[in-house]
Amino acid sequence: MAHYESAERSIVSLTSSDVHTEGLELFAGILARYQRLTRVISRSYQSLFDKGSSYSAVTALFAGLFAISLLLQFFDEGRTALSRPAIAMAIVVCIGSAWFALHRGQALPRWFGMAGVAAHAVVATYVLSTAPELIEATAILQEMPLMAMYLAWFYPKQTARLSLAAYLVLVLGVSLASDGRYLGVSGSMHEVIRVTLFMVLCMELGFLWRGRVRADQQVDQLTGAISREGFSPRALKELDRAKRHGYELSLALIDLDDFKCVNDTKGHDAGDQVLANVVSEIRNSIRKTDSIYRIGGDEFVLLLPHTSENAARTMLTRLRSNAHHPWSRGVTQAIDNDTPESMVLRADKDMYADKRRA
């Protein structure tokens with residue numbers, strides 16, 4: 001009997017051990033599949049992020065949100081302004097638009113977003129003019145400021161303002177004229193004025209926010225100089241302004257001498273401090289109308305409006321004589337059909353001539 005009990009305990013122990021091992025193997029398999037899935041999702045997300053842009057991402061986000069809103073309306077038991085087949089078709093269009101925006105990424109054309117705003121205007125006009133008492137009308141009203149912000153963020157000011165004006169004329173004008181109703185209010189112009197002013201305010205705040213964000217993005221965090229991304233558009237504006245008003249415009253290219261030795265012997269922190277000091281010295285010595293840009297590791301550009309090439313050379317000689325770290329400079333003056341790139345190229349040649357002379 002004891003023999004049988006001992007055998008039974010051995011079998012139970014063996015079975016428990018097998019179950020435990022199988023459980024661990026099952027858990028390990030699930031964990032491995034989860035890790036592979038997270039790697040795939042991470043790579044996919046990174047791929048979309050690398051090829052995408054804020055424009056395509058926000059456009060896809062809006063399309064996705066509208067698809068979710070329409071899906072909720074589709075399953076709503078109450079009365080809706082749109083028929084269920086129309087809602088289903090709109091959901092498919094929104095999902096397809098979101099996929100297209102993410103797929104195209106940075107290549108997403110601007111007309112695509114404008115077409116989305118126009119489609120929203122058509123739907124809003126229909127809903128507000130046929131069923132202003134429904135909750136859908138309130139949802140439309142809440143979405144309208146988002147359209148104003150979207151236009152302000154991704155389109156030039158003139159284009160955005162004209163588009164908003166057309167949107168308001170279509171949506172509010174038709175809705176107000178339809179049976180004298182607007183959002184359940186009997187022909188109230190106060191409602192139209194209030195919505196119009198609110199959307200205009202949202203657009204102007206969008207312009208302000210965009211300007212602040214882009215200005216922050218175009219400032220080099222280490223030195224406080226304008227970054228390389230901000231150089232070309234600002235230089236183009238200066239060239240255009242100089243051509244229209246007929247004044248001289250000079251460009252100076254500055255390259256720090258033996259800067260690599262500073263990093264190698266004293267460390268990168270010391271090199272960063274040298275860069276910041278150079279920019280600070282130059283900024284404290286130039287006019288408010290002049291501007292300084294960091295276009296490379298230790299390369300800087302000065303744009304000097306109302307300054308001839310000779311005057312620029314004189315000013316740079318004075319700046320260099322008081323500099324704590326030596327640097328070389330190249331100078332050029334704008335000529336007809338110049339571009340920022342052509343001016344930098346000429347200044348670069350002049351700078352290397354200056355290095356050879358030194």
Using the side chain to side chain donor-acceptor pair (under 3.5 Å) criterion, which residues pair with Arg161? Sequence neighbours excluded.
Glu204

What residues form a side chain to side chain donor-acceptor pair (under 3.5 Å) with Ser69, not counting sequence neighbours?
none

Would you check if the distance from the ring center of Phe300 to the ring center of Tyr293 is below 6.0 Å?
no

Is there a donor in the side chain of [X] and an acceptor in the side chain of [Y], or the other way round, less than 3.5 Å apart?
X: Gln273; Y: Asn277; result: yes
X: Glu143; Y: His120; result: yes
X: Ser328; Y: Asp257; result: yes

Can you see which heavy atom on [X] is nearest to which on [Y], and at what distance?
X: Arg318; Y: Ser321; value: O-OG, 2.6 Å
X: Met343; Y: Leu249; value: CE-O, 4.1 Å
X: Leu302; Y: Met315; value: CD1-CE, 4.3 Å
X: Ala323; Y: Glu281; value: CA-OE1, 3.6 Å
X: Ala235; Y: Pro340; value: CB-CG, 3.6 Å
X: Leu102; Y: Ala60; value: CG-CB, 3.7 Å

Between the side chain of [X] and the main-chain N/O of [Y], is any donor-acceptor distance below 3.5 Å?
X: Ser97; Y: Ala63; result: no
X: Asp258; Y: Cys261; result: no
X: Asp338; Y: Ile335; result: yes
X: Asp290; Y: Ile286; result: no
X: Thr159; Y: Tyr155; result: no
X: Ser280; Y: Ala276; result: no
X: Arg283; Y: Gly224; result: yes
X: Arg294; Y: Arg228; result: no
X: Arg346; Y: Gly330; result: no
X: Thr314; Y: Ala312; result: no

Got a second to check how far [X]'s [atom1] is from [Y]'s [atom2], nearest 0.5 Å?
X: Leu275; Y: Leu256; atom1: CG; atom2: CG; result: 6.0 Å
X: Met144; Y: Cys202; atom1: CE; atom2: SG; result: 10.5 Å
X: Leu236; Y: Arg234; atom1: CG; atom2: CZ; result: 12.5 Å
X: Ile282; Y: Ile254; atom1: CD1; atom2: CD1; result: 3.5 Å
X: Phe154; Y: Met114; atom1: CZ; atom2: CE; result: 12.0 Å
X: Leu151; Y: Trp153; atom1: CG; atom2: CH2; result: 14.0 Å

Neighbour count >12 (heavy atoms, 6.0 Å) for atom [atom1], [X]:
X: Asn337; atom1: CG; value: no
X: Phe198; atom1: CZ; value: no
X: His245; atom1: NE2; value: yes
X: Glu341; atom1: CD; value: yes

In the single-linkage hydrophobic clustering (I, L, V, M, F, W, Y; side-chain heavy atoms under 4.5 Å), do [X] and [Y] co-cluster?
X: Val219; Y: Ile295; answer: no
X: Trp327; Y: Val331; answer: yes
X: Phe259; Y: Tyr352; answer: no
X: Ile68; Y: Phe100; answer: no
X: Leu108; Y: Trp111; answer: yes

Check this for me: does any side-chain nitrogen of one of Asp354 and Lys349 sit under 4.0 Å from a carboxylate oxygen of the other?
no

When you compare the side chain of Met351 with that of Arg356, does any pair of heavy atoms fall below 4.5 Å?
no

Any side-chain heavy-atom pair from Ile226 and Phe231 closer than 4.5 angstrom?
no

Set of salt bridge (Lys or Arg N to Asp or Glu O under 4.0 Å) partners for Asp350, sequence neighbours left out:
Arg313, Arg329

Tell me, with the steps shown, if Tyr167 and Met199 meet side-chain contact (heavy atoms from CB on, under 4.5 Å).
CA-CA 10 Å; Tyr167 184 103; Met199 291 192 70; 4.0 Å; yes

Can you check side-chain contact (heavy atoms from CB on, under 4.5 Å) on Thr125 and Val122, steps first, answer last?
CA-CA 5 Å; Thr125 301; Val122 172; 5.8 Å; no

Under the salt bridge (Lys or Arg N to Asp or Glu O under 4.0 Å) rule, what do Asp255 and Lys355 come out as? Steps first, then yes or no, please.
CA-CA 10 Å; Asp255 181 80; Lys355 285 182 178 291; 3.0 Å; yes

Mind telling me whether Tyr150 and Tyr55 have parallel, tilted or perpendicular rings, with 30° and 60° as the class edges?
tilted

Determine, stepwise, if the pair Glu248 / Gln333 fulfils side-chain contact (heavy atoms from CB on, under 4.5 Å).
CA-CA 7 Å; Glu248 298 165 320; Gln333 183 175 324; 3.6 Å; yes

